[in-house]
Amino acid sequence: MADRFLPIGIQDFKKLRNFNNIYVDKTPYIYELARTSTPYFLNRPRRFGKSLLLSTMEYYFRGKKDLFKGLTIEKLEKDWVEYPVIKISFGRSSYESHDSLLATIDNILDEHESFFELEKKSDNPSVRLDNLIHFAYEKIGKQVVILIDEYDKPILDALYTEYEEQNRQELRSFYSPLKDCDQYIRFLFITGITKVSHVNIFSGLNQLNDISLTEKYSSICGISESELEQYFMPEIEALAERQEMSLEETKAKLAQMYDGYHFTHDVEGVYNPFCLLKCFSDKDFGSYWFESGTPSFLVKTLQNQPLELTTIINGRKAKEDQFKNYDPDSKNMLPVIYQSGYLTIKGFDKPKRIYTLDFPNREIEDGFINILLKKFVTVPYDDLGLAIGNLCDALELHDLDQALNIIKSAIADLPTVVKKDMCENYYESVTHLMFRMTGWRVVSELQNVCGRSDVVVASKDSVFIFELKMDKGRSFEEVAEEALSQIDENGYSQRFAVSGKAMYKVALVFSSEGKGLLGWKVKA
């Protein structure tokens with residue numbers, strides 16, 4: 001059998017095919033899309049194969065039939081026509097200033113003008129793009145194919161800086177010829193992580209067909225369960241052998257760690273391809289998505305918006321317009337969290353048109369919570385893992401004093417980024433995060449307006465029911481007794497009564513002045 005190579009980090013289709021890398025055949029989607037002249041838009045999380053998809057389209061439209069030998073499109077396509085292709089990718093640079101965007105646009109246009117042997121006649125980027133489209137059309141005698149990759153990166157890199165609006169205006173101007181050049185364009189495909197008011201950026205392209213939530217194209221990027229077994233059985237078998245697991249155990253673990261992305265409702269889930277390939281290469285179940293870096297725009301968003309854990313955990317209900325479009329002027333974080341891949345579609349109420357969003361898999365859940373915890377607690381970075389391990393051990397030993405002292409030290413003071421009027425939400429969120437990092441089952445019902453929340457932590461032999469309350473000028477004893485009474489009155493413990501597990505009811509009292517956890521009272 002010929003050597004099998006895993007295309008980790010390879011974004012060029014020609015390189016992938018020439019070096020005998022495994023290719024999950026996405027060409028049926030490309031053929032279907034290419035049959036129309038509609039301009040398309042697709043958003044997917046990072047490391048999901050968007051750049052490889054556009055590279056595959058590029059070689060297809062350039063008529064490179066030899067590269068597609070043995071693939072589905074070889075049988076579907078009867079007429080391999082060579083079109084002029086203009087590929088614009090913003091993935092190569094960082095755009096934390098306006099000058100860096102101008103330099104990248106200049107380099108992109110220089111490369112294409114050189115390729116088509118077009119003399120530069122203007123310094124204006126939009127004029128140069130307009131000239132390029134017309135010249136390529138006239139020189140080749142065919143309509144032009146335009147592929148735009150990571151269109152939103154110059155905006156996201158500059159998020160919450162003085163350059164954000166400058167970059168947005170620059171891109172709007174740069175893309176302005178696309179509307180008037182419609183008769184010269186055979187095919188237009190745009191990808192990005194987010195849908196950042198793209199109608200405004202691509203002025204006039206109101207007919208842009210967004211296929212991000214379209215069932216037909218839900219698996220256009222990523223690796224589906226059926227594709228996993230079709231293309232990667234040797235890798236699954238090698239992983240199972242290294243991990244001393246059965247094939248079924250290995251597939252179940254792969255699904256738990258890397259599967260679970262749904263880009264519409266009631267469709268087969270897809271795996272993150274980068275993480276899956278890294279797992280097969282290392283023969284280990286690592287957290288590879290986070291090792292490749294956390295998107296800076298997500299961190300910036302978390303820094304500039306209040307932490308609201310109810311927006312993220314335990315299955316968030318939302319209508320499509322609440323997570324489909326990201327408006328940088330809005331305080332709604334949900335589109336950023338969903339579109340960057342930290343949440344995915346897990347359910348759909350068809351009559352009400354309401355979606356359920358949740359973490360796609362264990363890797364993402366643990367990584368995202370880890371990001372939040374390191375950002376919002378005062379435990380030193382190097383000690384965080386040790387603190388969580390000690391918290392887990394203390395709960396296992398039913399040593400609640402030790403466990404709660406760990407939480408108390410982690411949130412001793414309100415961080416300067418959190419205002420006092422947000423301290424209820426902050427304490428509730430961080431307490432939940434720390435419990436969740438233990439790996440134990442955690443259920444939370446946060447009621448920010450009422451200032452109360454119960455967090456239930458369950459292990460194989462114990463159930464801990466925590467009621468969180470703010471003192472609001474009252475004595476510790478008064479608030480603690482009220483919290484314990486509330487646990488009983490609201491029947492929080494009844495659903496666990498038949499489990500036979502040891503049960504602990506715990507009142508946690510926090511300072512309304514931002515001074516952390518004041519104390520706790522336990523009722524076994």
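Keep in mind the model is a prediction, meaning the values are calculated, not measured. Note that these values count all heavy atoms, side chains included, but never hydrogens, waters or copies made by symmetry.
Between Phe5 and Phe19, the ring centre distance reaches or exceeds 6.0 Å. Here the two rings, on Phe368 and Tyr342, have centers that are under 6.0 Å apart. Aromatic ring centroids of Phe274 and Tyr288 lie 6.0 Å or more apart.
The side-chain tip of Arg62 does not point at the ring of Trp80 from less than 6.0 angstrom away and within 45° of straight on.
Between Ser340 and Pro45, the closest side-chain pair of non-hydrogen atoms is not below 4.5 Å. At least one side-chain heavy atom of Phe323 sits under 4.5 Å from a side-chain heavy atom of Leu357. Side-chain contact between Asp259 and Asn361: absent, with no pair of heavy atoms (C-beta onward) separated by less than 4.5 Å.
The pair Lys120-Glu113 does not meet the salt-bridge criterion, since no charged nitrogen lies less than 4.0 angstrom from a carboxylate oxygen.
The two residues Ala240 and Thr250 make their nearest non-hydrogen contact at CB-OG1, 3.1 Å.
Atom NZ in Lys319 sits 4.5 Å away from atom CD1 in Ile354 (nearest 0.5 Å). If you take CZ on Phe116 and CD1 on Ile86, they are separated by 5.5 Å, rounding to the nearest 0.5 Å.
Atom OH of Tyr163 is surrounded by 12 or fewer heavy atoms from other residues, nucleotides or ligands within 6.0 Å.
Asp210 and Ser212 form a side-chain donor-acceptor contact under 3.5 Å, judged by distance and modelled atom types alone.
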